[in-house]
Amino acid sequence: MTDRYAVFGHPIAHSKSPQIHAAFARQTGQDMTYEAILAPLDGFADSIAQFVTAGGRGANVTVPFKEEAYTLAQRLSPRAQRAGAVNTLVFNAEGILGDNTDGAGLVADLTRNLNHTLAGKRILLLGAGGAARGVIEPLLEQQPAALVIANRTVSRAQELADLFGHGVAACSFEAANTPFDLIINATAASLAGELPPLSANAFNATTLAYDMMYGRDTPFLSFARTQGAATADGLGMLVEQAAEAFFVWRGVRPDTAAVIASLRAA
Ligand code: NDP
């Protein structure tokens, strides 16, 4: 019987995940389907329960349900536990397992696709929401020289710095005013077409500016270019977090480069 998977979100029509997982399944010969399901804002748990009853084997979870998925899961992977959010669910005889592949996806994109070494580097992470929290531990595992979290609400950045400890600092956007090797925009500002009030001094010609947003040029990337920095969007992270989820479900690692290239061409 064909195995069923889906992504749950609200909204969900824009999601590229069905396309990505269909490409992975074709490429690796997996007998599976993957659909996009719009869950009502107050009905995420019910939507998941219906999908499990109908034979669903696993799911991805996107905005705004990642924290609800964390509480819904009966067991959590260590990385989901640390992220405080779940983007991947596995349904099996032991119940619902919650995992988080966003951080692994970001690190894979940076290190494998963009050849950007993180060890010994100074990293500035913009934002303190779910996306930022999910990538902190995987970034720290790469042993950067420093990780500074800057956020509009500085107290939220400070909470994350306190939570992760060992060498993580917090500040306002404006206070991050010395050069960083890597600046990751994990705020939702790009969604609104806005630029956080960053200091030009955070960038130089060797900085890589990475926006988790994808699909369009953003004020953050264009500001970074004017400071001479190299830039990358979050499309590679999207495909890599999907590949990690695919591996969790199917035990097979798909080739991501071809899928990233075809999404870019489209
Ligand atoms: P959250 O709503 O959890 O967090 C939003 C963050 O952005 C907060 O730190 C908030 O600051 C900050 N923020 C919101 N608006 C502004 C603004 N106008 N100026 C400055 N800061 C702002 O969102 P997520 O963490 O879930 O998602 C953040 C982004 O990451 C989204 O664009 C999302 O699409 C992207 N993403 C991409 C992925 C990929 O695979 N490429 C995966 C996951 C996320 P404050 O605390 O002050 O409110």
Side-chain angles (χ1 to χ4, degrees), residues 7-21 41 60-70 79-80 83-88 99-110 113-114 124-139 148-161 163 170-176 183-199 202 209-221 223 231-246 256 259-260 263-264:
V7 57
F8 291 78
H10 190 119
I12 201 61
H14 67 287
S15 174
K16 293 186 192 303
S17 293
Q19 209 180 327
I20 295 170
H21 283 279
L41 287 174
N60 283 132
V61 181
T62 186
V63 179
F65 300 123
K66 288 184 186 181
E67 269 130 47
E68 213 177 325
Y70 177 85
R79 60 189 177 181
V86 157
N87 79 334
T88 301
D99 198 354
N100 191 313
T101 65
D102 280 338
L106 173 68
V107 169
D109 193 36
L110 286 167
N113 301 333
L114 300 169
L124 174 62
L125 178 62
L126 308 174
R133 180 170 167 164
V135 302
I136 293 172
E137 187 76 24
L139 287 172
V148 178
I149 306 169
N151 195 42
R152 183 173 60 183
T153 312
V154 179
S155 59
R156 294 188 72 201
Q158 190 61 56
E159 277 167 33
L160 288 184
L163 184 68
C171 66
S172 66
F173 293 129
E174 296 89 338
I183 304 179
I184 301 166
N185 186 11
T187 71
S190 295
L191 276 175
E194 289 170 10
L195 176 69
L198 301 170
S199 164
Y210 189 102
D211 202 325
M212 284 196 190
M213 172 101 186
Y214 54 84
R216 70 175 106 127
D217 199 24
T218 66
F220 168 73
L221 293 181
F223 179 73
T231 59
D233 73 2
L235 186 70
M237 174 179 174
L238 177 77
V239 175
E240 294 296 345
Q241 64 75 29
E244 186 72 17
F246 193 86
T256 51
V259 177
I260 294 171
L263 285 174
R264 281 220 190 277

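Counting starts at 1 for both ligands and their atoms, in listed order. By convention here, the first residue in the shown sequence is residue 1.
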Does ligand 1 have any N/O atom under 3.5 Å from a protein N/O, and what are those pairs and their distances?
unit_1, atom_1, unit_2, atom_2, d
ligand 1, 3 (O), Gly130, N, 3.0
ligand 1, 7 (O), Ala188, N, 2.9
ligand 1, 9 (O), Ala128, N, 2.9
ligand 1, 9 (O), Asn151, OD1, 2.7
ligand 1, 11 (O), Asn151, OD1, 3.3
ligand 1, 18 (N), Glu194, OE1, 2.5
ligand 1, 25 (O), Gly130, N, 3.2
ligand 1, 25 (O), Ala131, N, 2.7
ligand 1, 41 (N), Met212, O, 2.9
ligand 1, 41 (N), Gly234, O, 3.1
ligand 1, 46 (O), Asn151, ND2, 2.8
ligand 1, 46 (O), Arg156, NH1, 2.6
ligand 1, 47 (O), Arg152, NE, 3.1
ligand 1, 47 (O), Thr153, N, 3.1
ligand 1, 47 (O), Thr153, OG1, 2.5
ligand 1, 48 (O), Arg152, NH2, 2.9

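To the nearest 0.5 Å, atom CG of residue Asp211 and atom CD1 of residue Ile184 are 10.5 Å apart.
With sequence neighbours excluded, the residues forming a side chain to side chain donor-acceptor pair (under 3.5 Å) with Asn60 are His21, Tyr34, Thr88, listed by chain and number. Not counting sequence neighbours, Glu159 has no partner by the side chain to side chain contact (heavy atoms under 4.5 Å, CB included) test. For Tyr70, the side chain to side chain donor-acceptor pair (under 3.5 Å) test picks out Gln81, with sequence neighbours left out.
A salt bridge does not link Arg216 with Asp233: none of the charged nitrogens is closer than 4.0 Å to a carboxylate oxygen.
Side-chain polar atoms of Asn185 and Thr218 form no donor-acceptor pair below 3.5 angstrom.
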